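Because the structure is predicted, anything quoted here is derived from the model rather than measured.
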Protein chains: 2
Amino acid sequence: MTPVRRGQWQTASDVLMRVSRQPGITRAAVARELRLSTSSATEVTARLRDVRLLTEAPAPSQGRGRPTTVLRAHPKGPVALGLDLRQGSWRSAVVALDGSFVEQQSRRHRSRRSQVVLSNLQKEVERAHRQYGARLRVVSLAAPGTIRDNRLMQAPTLDWAELDLETVTARTGIPLLAGNDATLSGVAEARTGAAAGAGTALHLIVEVGLGGTLIIDGVPAQGASGAGGEYGHVPFGDRTRFCPCGARGCWDLDIDGRALARHLKEAAPDDPYAYAEAVLRRTDRAAARAVAKVVTALGTGIAGLVNAHDPDVVTLGGLAIPLRAAAETSFEQAYLAGLMTFHRSTPPPVLSATHQPDGPLRGAAALALDHLTSEPSIATWAASQ
Amino acid sequence: MTPVRRGQWQTASDVLMRVSRQPGITRAAVARELRLSTSSATEVTARLRDVRLLTEAPAPSQGRGRPTTVLRAHPKGPVALGLDLRQGSWRSAVVALDGSFVEQQSRRHRSRRSQVVLSNLQKEVERAHRQYGARLRVVSLAAPGTIRDNRLMQAPTLDWAELDLETVTARTGIPLLAGNDATLSGVAEARTGAAAGAGTALHLIVEVGLGGTLIIDGVPAQGASGAGGEYGHVPFGDRTRFCPCGARGCWDLDIDGRALARHLKEAAPDDPYAYAEAVLRRTDRAAARAVAKVVTALGTGIAGLVNAHDPDVVTLGGLAIPLRAAAETSFEQAYLAGLMTFHRSTPPPVLSATHQPDGPLRGAAALALDHLTSEPSIATWAASQ
DNA sequence: CCAATTAAACTCGTCCCACGAGCATAAGGT
DNA sequence: ACCTTATGCTCGTGGGACGAGTTTAATTGG
C-alpha cells in the first residue's frame, strides 16, 4: 500500500462528511458550507465521481439560476454494515456513504446462547462480505451492555459472560466498531434526532436499568476503554442499597421497574421492563405515587448531570418517556429544583428521543460513516480504484 | 484581508502544535511524529522561520548521525497573555509559541471590588499590548467561578455579581478566552501534568466547594456555554441539605471545610479553606473521624464519576490532596466499593496534580497556544509578515 | 416567445505545498 | 583515515485549490 500524501483527500473527505451527515445535500450547499470556490467544487466532485464515491442527480430547481445537483452515494461505492443486537432479536442494515440504507433486515433469536447469537451475526457479516466484496469497509455493532475495547464486559439483559465481539468479523478481517446501544442511540439523536445541532447533548435511556451518554459535537464521550456513559451507576440513590453492578446507591435502582416494585411493596419483578409498563397502565393512587417517586428521582438526577455537563439539550429514550409523561409536574419540579440557580432562567430542554426503536442502528451507522468518510479511509479507497 | 487557501498552513500548524505541546522537541522528532519526509521538514521549518514563527538551535547530539535542531519560538513571533485571577491575588504571564513564559508577574489585590480588579487586569492587557504590539494575539483568563460565554456568572469566593469579562480586552480588540480555574488546571494536568497522555482524564479540585472537569484528548468538556464541570453540584449528598447554588444535596457540601465543621459540630466557618487546613493539622480523634467521613464521601463520588466517564486517570488538586493523604485507607475503601465490578481489576489511578499553584495559568496558556497554533491563526499571522 | 437576470457549472492557467531521489554534512565507531 | 548512521539540503514533479473568465440552464418580465 503506497503511503498517502498528506492532505491529498482532505477536502474530498470534508465533502463526503457533509453528504453523510446531511443526506440529500446539494453540491452548491456543500460548497457554501465549506467555502469552496465553484471551481474547486467542480473539481472535487469530478474526482469523487471518478473513484466511484459519489454520483450526482439533478436537483429540483430553487428559483432562478442554473440548477445544482444532489450528491448521492455511488451505486458501486463503499458501504458499511450496521448491526443492532437486542435482547430478543437483532437487526442489520447495509449503509451507503450518503446514509441511505441499501438493505435491512430484522430477525428474532432462536436461541439466546451467546455462541449461537454471535455465530448468526458472523454469518450476516460473511453474507454481506460475499455480496459486497471489497465495497464492505467496516462493521459497526450496537450491543446492550458495557463494552470495552470491542469486548462485551457485562450484558445484564442477556445474562452473558465476558465476550470477545471481534469474532464477528475475524474471518473477514473487516474492522469492527462495537458500542453500547444507549451510547449509539445518543449519537443518533445528536446527529439527526431531537438533539440535532447541539454542541453538547446528554442522552439518557431507561430500559432495565439506565444507560446514557454525553455527546460533544456529535462524538460520544466513550472514555478510556469505551465503557463511558454508565450514568445508571452514579451514586444518586440510597447508599444502603446494593446494586448488581457491584457498587452501592446506584441511580439505576431508583428509576426502573425494580424501583416501582419496591415503592409498591411488591416482589422484585423478573422482567422489570414489562413490569414498569404494567404499572404505567394502572390507574390506582398507589401506582401513581410510585411513578411520581421514580420520576422525581429521574428529574433530580438529570438536573445534577445538567449542572455537571451544561448540555444544550437532554434527550430521553425508552421508559423515561412514558414515565415522565405520567408525572409531568413531578418531573418539572424535581428538574428545576435540582438545577443551579443560573441555569433556571433557560434550563436545557428535556426532549423525547425521535429515533426510538432504530436509534442504536442509526447511531452505529453514523459512526461507521464517520469511519468511511475519514481522510485515510477515502484515500485508501481512491488508491484502489 | 485576503482569504486563505485551504490547507495552506495545515502542516505548519501541526508542527507548531507539537512544538507548543512538547517544548524542546527537535525537528527530526516532529518529522517522525508527523511522518514528514526530511524534505518536507526542511521546507516547512524554512517557511516558519521566514515568517518569524520559529527559530532553530543546534540540539545536543544523540549518538551517531548528523545532529538535529531544537525548535523554539521566534523572538519576534506571536505571543499570548495568560491571566489567573484568584481570591486574593492575580498573576499574568506572556507566553511564546513553544510554551515558554517570556515574562510573568504576580500581584495582590488592593481592593477586591470587581471594578478595581477588572480594571487592573485591563491595564495589564493594555501594557502587554503596548509592549508587544501586533505580536500579542490572544488573552486567556482563568477565573474562580462559573463562566458562560466570557461572562462570570457566579464567583462565590469573590462574592461578585454577574460580570462581563470582555471589558478586559475590549479596548484592544484582542480575542479573549475566559475559563473556570478548575477547568484550566485540569487542562494543565492533562497536557503536561499527572494526566499527561491520558485520552480521558477527570480532574477534581477542592478549595471552597469542589470544582473539576472532564478532559477528552486534552480538550475540556465545557458544555453549551462553558459552565461544564460543576461536579460539586451533583446530588451525591444528603437531599435535605440546601446548597447556596440553589440545588439540594450537592456533593460540595460533603467535602469541604463546611462539611468538616458540621461533622465536628462547630459553627460554619467564614473561611472554609483555612478551617479545613486547621482541622487537618489537628491530631484528636474527632478531627480524624470528621476527615475520614469527608474522604469517604470524596472516594465514593469519584468512583461514581469513574463509572460514568471511564477515565484513564483521575487527578486531584487543592485540599483533596491533603484530605486523601490524611485518610488513605478510607479513601481507598470508598473508591473501590463505589466502582462497578469490572473496573476493580484495574481501577483508574487517582493521582495528585503536579502543577498545583500555577495550574490555572498553565492551562490558560495551553488553550491560548491552541488558539495561536490553529491553522487560521497561523495563516493570518503569516499573511501579515 | 424572446430577452434579461440570476445562480451555478465549466475551463484554463497559476501558485504553492508535499514528496521522492539524490547529494551533502556532521556526528560516532573502528 | 574511513565507514556507518542520521539528518539536512536541493531540485524536479505532481496535484489540489483557486481566481478570472466563460458557458449553461433555470426564472422573470415584457
Legend entry - Option among B/L176, B/V138, B/L177, B/L136 that satisfies the side chain to side chain contact (heavy atoms under 4.5 Å, CB included) test with B/T169: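 Testing B/T169 for a side chain to side chain contact (heavy atoms under 4.5 Å, CB included) against B/L176, B/V138, B/L177, B/L136 leaves exactly one candidate, B/L176.
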Strictly below 4.0 Å, heavy-atom distances to any atom of DNA chain D: list the hits from [range], or just say none.
range	result
residues 41-52 of chain A	A/E43, A/R47
residues 30-38 of chain A	A/L36, A/S37
residues 9-23 of chain B	none
residues 55-70 of chain A	A/S61, A/G63, A/R64, A/G65, A/R66, A/P67

Legend entry - Sequence neighbours excluded - salt bridge (charged side-chain N to carboxylate O under 4.0 Å, His left out) pairs with any residue from residues 375-385 of chain B: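 Counting only pairs at least two positions apart or across chains, no salt bridge (charged side-chain N to carboxylate O under 4.0 Å, His left out) contact touches residues 375-385 of chain B.
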Inset, instruction - Would you mind listing every salt bridge (charged side-chain N to carboxylate O under 4.0 Å, His left out) that reaches into residues 92-103 of chain A, with sequence neighbours excluded? - result: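 Sorted result for residues 92-103 of chain A: A/E103-A/R127.
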Over how many whole Å does the gap from [X] atom [atom1] to [N] atom [atom2] extend?
X	N	atom1	atom2	answer
A/L54	C/dA9	CG	C1'	16 Å
B/R5	C/dC15	CZ	C1'	5 Å
A/R6	D/dG14	CZ	C1'	17 Å

Legend entry - Criterion side-chain hydrogen bond (donor to acceptor under 3.5 Å, both in side chains) against B/H203, the qualifying member of B/T315, B/T183, B/T213: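 Among the candidates, only B/T315 passes.
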Contacts of [X] that satisfy side chain to side chain donor-acceptor pair (under 3.5 Å) - sequence neighbours left out:
X	value
A/E33	A/R18, A/Q22
A/R6	none
A/R32	none

Legend entry - CA sep, side-chain torsions, deciding dist, call: B/I216, B/V219, side chain to side chain contact (heavy atoms under 4.5 Å, CB included): CA-CA 5 Å; B/I216 300 171; B/V219 179; 5.8 Å; no
Inset, instruction - Look at the side-chain N and O atoms of B/R27 and state whether any lies under 4.0 Å from the OP1 or OP2 oxygen of D/dG8. - result: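 So the side chain of B/R27 is within the cut-off, an N or O lying under 4.0 Å from OP1 or OP2 of D/dG8.
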Legend entry - Donor + acceptor pair across side chains of A/H355, A/T192 (<3.5 Å):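 Judged by distance alone, the side chains do pair up.
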Legend entry - Atom CZ of A/R171 with >12 non-hydrogen neighbours under 6.0 angstrom: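 Count not over threshold, so no.
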What residues, two or more places apart in sequence or in another chain, satisfy side chain to side chain contact (heavy atoms under 4.5 Å, CB included) together with [X]?
X	result
B/R66	none
B/R137	B/P78, B/L372, B/T380, B/W381
A/S39	A/S37

Legend entry - A/S40 side chain, from C-beta outward: closest of C/dC19, C/dC17, D/dA17: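 Among the listed nucleotides, the one closest to the side chain of A/S40 is D/dA17.
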